[in-house]
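Have a look at the structure below before the remarks.
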Amino acid sequence: MSLCLLLLVAVVSLFFWLYQVNKDYYVLSFFAPRVRTKDGRPVESIVPVGKGKTIFGNCFDLLMLVPAESFEIVRQRSRKFQSSYILYKFSTAIFNIIDAENAELVLNDQNLITKGVTYSFLHPALQTGLLTSTGKQKSYIDLHVIIKYYNFVTGKKWHSRRKMLTPTFHFNILGQFEEIFKTESLKFVKQFEGQSDINISLSELIPRFTLNSICGKLGLKTILQYNYTVLLCSTETAMGVKLDDMAEKGDRYRQNFAMVEQTFIKRINNPFFWNDTIYKYFGDNNDALALKAVHDFSSEIIAKRRILLKDEQQQRKNKQRFAMLDTLIMAEKDGLIDHQGICEEVDTLMFGGFDTTSMAITFGLMNMSLHADKQELCYQEINDCIDDDLSNLNINQIAKLQYLDCVIRETLRMFPSAPVIGRNASKETQLANGLILPAGSQVVVHVFDIHRNTKYWDAPNEFQPERFLPENSKDRHIYSYIPFSAGQRNCIGQKYGMLEMKTFFIIVLKQFKILPLVDPKDFVFNTGITLRTNNNIKVKLVKRKL
């Protein structure tokens, strides 16, 4: 009897202890530290807290879902809450942001410069280059993942790499590379020479075009794009090497990076795979083969560029170097970076260069095809500013194309290539809205939802480029439109990307009318590194009569 009584007391004591602990930790969500408020009022008085599918908080909300289902679940939450909200999963609080005010607080907070934990799922592919490296922080331990020693070791990495690469993306040198954009865009339309009309798959041709823009033969100087940016490199190619003998390898690179993205999605949806060790033993299937192909491709480019650069150094003596890859190679000689670091940045920029921009161009051509009146306004504006022989196609003339700029910006509003931005609270962080995020909390800025928030955008699902005319956007919250992120970790080369896209659209519209072959209402979007759709996006190009 005394044993039973002792056991009862123990059980009651345990439940009482758990009850007390549950005030500060979400016990059933594997002891996730709870978000608090500065003045002690309920968190729900500032932001709603999402209920999970099970008693374990939101741990298993996405388990076993396909990417399209995951994407829709997140959109449903945004429509339901109509404001930023908090979730708890596997010992972690997650602050989900869908409004501009909270996005501004987070993206400008110096304590929230470290990328979110999901970026670590990209480390096998991109390692810790400019996209995934961290800001200054101390390492910490939580119950679902160990934020590893790299967070401390690479504390200064992002700052030093950003400082090193920023000059290669400076706006003042944009004019030197317009000829490169023009050359590659002309090569794209030349493949349709002699055809009056043709149906094309943008989902297939545009990624190949953007990868060729990175590595293909151009002459003079070329650019490799990172998040909508382009990477400069001297001599004959974007990375300084010819792609003539690497075209097949380029196609394989794209295919294998698609497999890397599938791994990323698999790990996001399955919380058990957030742990590297568990994933290695139970989820890692053919990842190694895909990763090897990705790394071999970029390594070959680096090796080729080293040889070419050595041959060119004499003639380039005393000339200022703007090339990104050349800058990294020369920095290696100065002891500022090692070979591994060069590989990290090239892998990062290779991925960002072909993937994010290819999505932006694809959706831009699709929008023009669906809205003939908007396309015509672009065409007339281009004809007014750009000669038919393209002799005055330069940065100053392109700057006059105000409506084309609006069309591109509206495309990026509706279809942001990077639909999500993640941050990690490396220490307890108090926000100006009164919330206190525990150390280890994740912050997810849902760019897709901010861009379609009715608080800032009337009829957000409609394509209206006029939104971005100066008179219509002057009073809009600046953080309601963040396709290139914002704050200290904004896209390093967004102006390059905008120039590349404008040049491409100018040359295509000069020669072709774009007619629709798809209906966006049928699109099924997927959760991924970049915005994806299951649909093959196609358009018809019809030769303009001179």
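All values derive from a computational prediction rather than experimental measurement.
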Electrostatic pair [X]-[Y], nearest N-O below 4.0 angstrom:
X	Y	result
Glu332	Arg306	yes
Glu72	Arg79	yes
Lys280	Asp287	no
Arg77	Asp61	yes

Does any part of the side chain of [Y], heavy atoms only, come nearer than 4.5 Å to the side chain of [X], both counted from C-beta?
X	Y	answer
Phe415	Asn367	yes
Leu62	Lys89	yes
Glu500	Thr503	no
Val74	Asp449	yes
Met164	Leu336	yes
Ile337	Leu328	yes
Leu499	Glu178	yes
Leu186	Lys190	no

Are [X] and [Y] linked by a side-chain donor-acceptor pair shorter than 3.5 Å?
X	Y	answer
Asn490	Ser485	no
Asn536	Ser201	yes
Ser426	Asn424	no

Can you name the nearest heavy-atom pair linking [X] to [Y], along with the distance?
X	Y	value
Leu431	Phe95	CD1-CE2, 3.7 Å
Ile482	Val447	O-CG1, 3.8 Å
Pro124	Ser120	CD-O, 3.8 Å
Pro419	Leu531	CD-N, 3.7 Å
Gly440	Thr92	O-CG2, 3.5 Å
Ala360	Thr411	O-CG2, 3.9 Å

Judged by atom type as modelled, is there a donor-acceptor pair below 3.5 Å linking the side chain of [X] to the main-chain atoms of [Y]?
X	Y	value
Ser298	Asp347	no
Asn275	Thr277	yes
Asn102	Ala100	no
Ser91	Ala32	no
Asp109	Asn111	yes
Thr429	Ala425	no
Asn535	Asp522	yes
Glu410	Val407	no
Thr533	Val524	yes

Taking only residues two or more places apart in sequence or in another chain, which ones pass ring-ring contact (aromatic ring centres under 6.0 Å, His included) with [X]?
X	result
His451	Tyr481
Phe81	Tyr85
Phe273	Tyr279
Tyr88	Tyr26

How many angstroms lie between [atom1] in [X] and [atom2] in [Y], if you round to the nearest 0.5 Å?
X	Y	atom1	atom2	result
Leu365	Leu205	CG	CG	10.5 Å
His339	Ser299	NE2	OG	5.5 Å
Asp334	Ile329	CG	CD1	12.5 Å
Leu107	Arg423	CG	CZ	5.5 Å
Gln442	Leu112	CD	CG	10.0 Å
Phe264	Ile529	CZ	CD1	5.5 Å

* Asked: Between Asp99 and Asn453, does a side-chain hydrogen bond (donor to acceptor under 3.5 Å, both in side chains) hold up when you go through it step by step?
  -> CA-CA 7 Å; Asp99 65 272; Asn453 192 324; over 6 Å; no
* Go through the steps to decide whether Leu202 and Lys538 satisfy the test side chain to side chain contact (heavy atoms under 4.5 Å, CB included), and finish with yes or no. => CA-CA 5 Å; Leu202 300 178; Lys538 299 179 179 181; over 6 Å; no
* Asked: Do Phe181 and Phe504 have their ring centres less than 6.0 Å from each other?
  ->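 So the answer is no for these two rings.
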* Do Phe448 and Phe71 have their ring centres less than 6.0 Å from each other? ->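 Yes, close enough.
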* To do: Please assess Leu517 against Ser369 for the test side chain to side chain contact (heavy atoms under 4.5 Å, CB included), listing each intermediate value before the final yes or no.
  => CA-CA 8 Å; Leu517 291 177; Ser369 76; over 6 Å; no
* To do: Would you sort out whether Tyr479 and Asn108 count as a side-chain hydrogen bond (donor to acceptor under 3.5 Å, both in side chains), showing the intermediate values?
  => CA-CA 11 Å; Tyr479 281 77; Asn108 284 323; 2.8 Å; yes
* To do: Using the test side-chain contact (heavy atoms from CB on, under 4.5 Å), find all partners of Glu69 that sit at least two apart in sequence or belong to another chain.
  =>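 Partners of Glu69 under the side-chain contact (heavy atoms from CB on, under 4.5 Å) test: Leu65, Val66.
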* Quick one: list whatever passes side-chain contact (heavy atoms from CB on, under 4.5 Å) with Pro438, sequence neighbours left out. =>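 Only Pro33, Val35, Ser441 meet the side-chain contact (heavy atoms from CB on, under 4.5 Å) criterion with Pro438.
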* Should the pair Phe90 and Phe272 be assigned to parallel (<30°), tilted (30 to 60°) or perpendicular (>60°) ring geometry? ->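 Correct class here is perpendicular.
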* Asked: Run the side chain to side chain contact (heavy atoms under 4.5 Å, CB included) check on Asp276 and Arg267 step by step: do they pass?
  -> CA-CA 10 Å; Asp276 290 341; Arg267 295 193 69 177; 2.7 Å; yes
* Check the pair Val443, Leu437 against side chain to side chain contact (heavy atoms under 4.5 Å, CB included), reporting the backbone distance first and the verdict last. => CA-CA 9 Å; Val443 181; Leu437 304 179; 3.7 Å; yes
* Asked: Counting only heavy atoms not in Lys182, do more than 12 sit closer than 6.0 Å to its NZ atom?
  ->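 Yes - once you tally the heavy atoms of other residues, nucleotides and ligands closer than 6.0 Å, there are more than 12.
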* Find out whether the Lys NZ or Arg CZ of Arg413 is both under 6.0 angstrom from the six-membered ring centre of Phe484 and within 45° of the ring's axis. =>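 The answer is no, since Arg413 fails at least one limit relative to Phe484.
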